[in-house]
Asks: 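My questions will all concern the structure given below.
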Number of protein chains: 4
Amino acid sequence: MSKKEKITDKRAALLNATLTLVNNHGFHNAPMSKIAILAGVAPATIYLYFENKQDLINQLYLEVKKSFSSCAFQGYSGELSVKDGFELIWFNIANYKLNQIKEANFLSQCDNSPMVEEEIRVEGLRHLQPLLDLWERGKKEEVIKPLSDYVLYAFSIYPLSFLLEMQERQTFTLNEELKAQTFLAAWDAISL
Amino acid sequence: MSKKEKITDKRAALLNATLTLVNNHGFHNAPMSKIAILAGVAPATIYLYFENKQDLINQLYLEVKKSFSSCAFQGYSGELSVKDGFELIWFNIANYKLNQIKEANFLSQCDNSPMVEEEIRVEGLRHLQPLLDLWERGKKEEVIKPLSDYVLYAFSIYPLSFLLEMQERQTFTLNEELKAQTFLAAWDAISL
Amino acid sequence: MSKKEKITDKRAALLNATLTLVNNHGFHNAPMSKIAILAGVAPATIYLYFENKQDLINQLYLEVKKSFSSCAFQGYSGELSVKDGFELIWFNIANYKLNQIKEANFLSQCDNSPMVEEEIRVEGLRHLQPLLDLWERGKKEEVIKPLSDYVLYAFSIYPLSFLLEMQERQTFTLNEELKAQTFLAAWDAISL
Amino acid sequence: MSKKEKITDKRAALLNATLTLVNNHGFHNAPMSKIAILAGVAPATIYLYFENKQDLINQLYLEVKKSFSSCAFQGYSGELSVKDGFELIWFNIANYKLNQIKEANFLSQCDNSPMVEEEIRVEGLRHLQPLLDLWERGKKEEVIKPLSDYVLYAFSIYPLSFLLEMQERQTFTLNEELKAQTFLAAWDAISL
DNA sequence: GATGAATGAGACTTCATTCAT
DNA sequence: GATGAATGAAGTCTCATTCAT
């Protein structure tokens, strides 16, 4: 294992420990000392990789957001039809949210509290551009409703966060068939 | 001012101070000392009305949830048609979320973090029954898609939380006309 | 019930509540609020009868010490022989310690910690004079060892505190026969 | 100075500071902040060595009890005659109580209040076994009265606590000659 | 006399962060 | 780079006491 990998190792372990603790107990109740223990390093070591706790959270947010985005557009090409493109992206996101529960959960928590600094949050949004481009095209082709992107997102993608939350609390499960039916709700919401 | 009113006064002031601080700075960074100052009482006084910080948060959650629910069903009657009934409720909720921003924001934060105890959260859910009953009827009348209530909620009501969030961050505003168009997205998502 | 008795009632209730709480949980962990609750009065009422917490403890100490002393010399007369007199007093004290457990226990706790102010403690000692006089006579009659009163007390009376403690912790019980044998140990210790 | 020694140093300093403060002012009025100051460390440092205040007290009790026991049986061998063995132990204990005043005083305070947890107290008792064995032998040889060990202890060893207390309050001093006479009282109390 | 809401002071404890090793 | 002992600052909460009623 190379030196570079070793370093990355500890950084990754710290990010992962933070993810777990914040998810299970919230930002408060995720003290640096416990993060260190769970990551298997000394408290002081955290400060070799991150400036301070806020920085650690910020970086984790960006990291997770990046993994989310890269997953969302896997296999996507601008040449697909609007509906096919949206379907691909939607299922990608749905699968991410339902499988990478820890990560999805963390993003929810960040997006609904002042935990992550505003500046960082904005940076995390840039990754959705291909979806916005797709919608732009859809509006021109009169396939998608002429609504603000915020509204389109709110009624097609954002609902998946709620379903994740329910699944996380074990009050609801989404199998493949249900997922397909659910997609139709999303599509009906935004399509003309 | 009667003695009873005075008591309620301080309790209310504390709840309100907590609402403001948690919204602006998160559960962490809302220390009891600051809550006391903002409410205009001594720190020790908080403990006359609440057992501890968690209890304060729990009670605030229940209080806000109650005000939310009572607002949601204002003017509602089971004799309305499914669409009319849903429209009424939807606009009630939309208006609550867009006007009572502080309260709505707080609920979002609670629902997406382990801030409120699970037991309390469950208690806060009972209030939505009339909406679930309406959907039940809608499914029988074949007006509403035969989907789980969770999915219906996720695609018609929950999206409003996202729009609130955007409005809160001043990246987006929903005027009356846009609101009407947005309602259609919600209705299309869940109707057959 | 006369007014005077009523007042005394509350004072007595407070002293009794304090006795119970201090015994069961120690001086620390016997907050004024709990004392008030156990006595069935409001916290502020305590300050009508006692200057402050220290005064409450002091008064309780004196009260209990007085009851102890008056019990110790019940039936005693200076005309008894030294041995008979001592026997009478010893059994009186033994019975007090083994029956009035709460009171005896409290005295032990006070005598072994800086809980009661020195000045008060000294005042509580004056009551033993008849016993000291008896020993004085015993030494003259060459029945009692020519030792300091402190030593005589330490080896004949003080041991009863230990036996009380053991009885309180249910590791040991002193029935009538054992008590008689135990008296002999006390007598042997101090007699010539 | 080695690292290990340094650690022991602070722990010892803390135990010692606690001993002093609890002796002089009682468990209450021995706040962690003052303990820290007297030990020359920051308040938070206490929690590196002890779980909480109760743990600190418990550990101090065990430590002192251990030192007491090891002192009590110094030079003792099972081959001594009952009287000689007892005399040795008695003087050991007497010297400990009269010289290690702080420690002896602390033990008295603990043994007479609910300051130390019951569980810990019991653990502290195991050390006296050799004395109990000696008494067992003494009873068989018909040198020691056939009384419960509790009674024997109460009338021969426990009285020393009282004398310590008196000496501590400077109302009485025990020189070597008096000590010898006092031993006779102890021996007379328990011997046949 | 009696109350109980209110509080300032201070208790115990935790935590993010640093620094000598 | 890595550590872990150490800490100042701050957190939550308790308590003896007061004062308007």
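If you're wondering where the values come from, they're calculated on a predicted model, not measured in any experiment. Throughout, a chain's letter reflects where its sequence line sits, starting with A, and its residues are numbered from 1.
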Asks: Which whole-number value in Å describes the distance from N29(A) CG to dA16(E) C1'?
Replies: 15 Å
Asks: From the set dG11(F), dT7(F), dA6(F), return the single nucleotide nearest to any side-chain atom of A42(D).
Replies: dT7(F)
Asks: Return the nearest nucleotide to the side chain of L48(D); candidates are dG8(E), dT13(E), dT7(F).
Replies: dT7(F)
Asks: If I take atom CG in residue D9(D) and atom P in nucleotide dA5(F), what distance separates them, rounded to the nearest angstrom?
Replies: 15 Å
Asks: Can you tell me the pairing partner of dT21(E) across any strand shown, Watson-Crick or G-U wobble, with both distances under 3.5 angstrom?
Replies: dA2(F)
Asks: Which nucleotide wins on minimum distance to the side chain of V41(A), given the candidates dA6(E), dT13(E), dT3(F)?
Replies: dT3(F)
Asks: Counting only side-chain heavy atoms from C-beta out, which of dC15(E), dT3(E), dA11(E) sits nearest to A44(D)?
Replies: dC15(E)
Asks: Examine dA5(E): is either OP1 or OP2 under 4.0 Å from a nitrogen or oxygen in the side chain of Y47(B)? Give yes or no.
Replies: no
Asks: In this structure, how many angstroms lie between the P atom of dT12(F) and the CD atom of E51(B), rounded?
Replies: 16 Å
Asks: With E123(C) as reference, evaluate H127(C), R126(C), R121(C) under the side-chain contact (heavy atoms from CB on, under 4.5 Å) test and give the passing residue.
Replies: R126(C)
Asks: Rounded to whole Å, how long is the line connecting atom CG of D55(C) with atom P of dT17(F)?
Replies: 10 Å
Asks: Tell me the interatomic distance from K34(A), atom NZ, to dT17(E), atom C1', rounded to whole angstroms.
Replies: 18 Å
Asks: For I46(C) and dC15(F), give me the distance from atom CD1 to atom C1', rounded to whole Å.
Replies: 11 Å
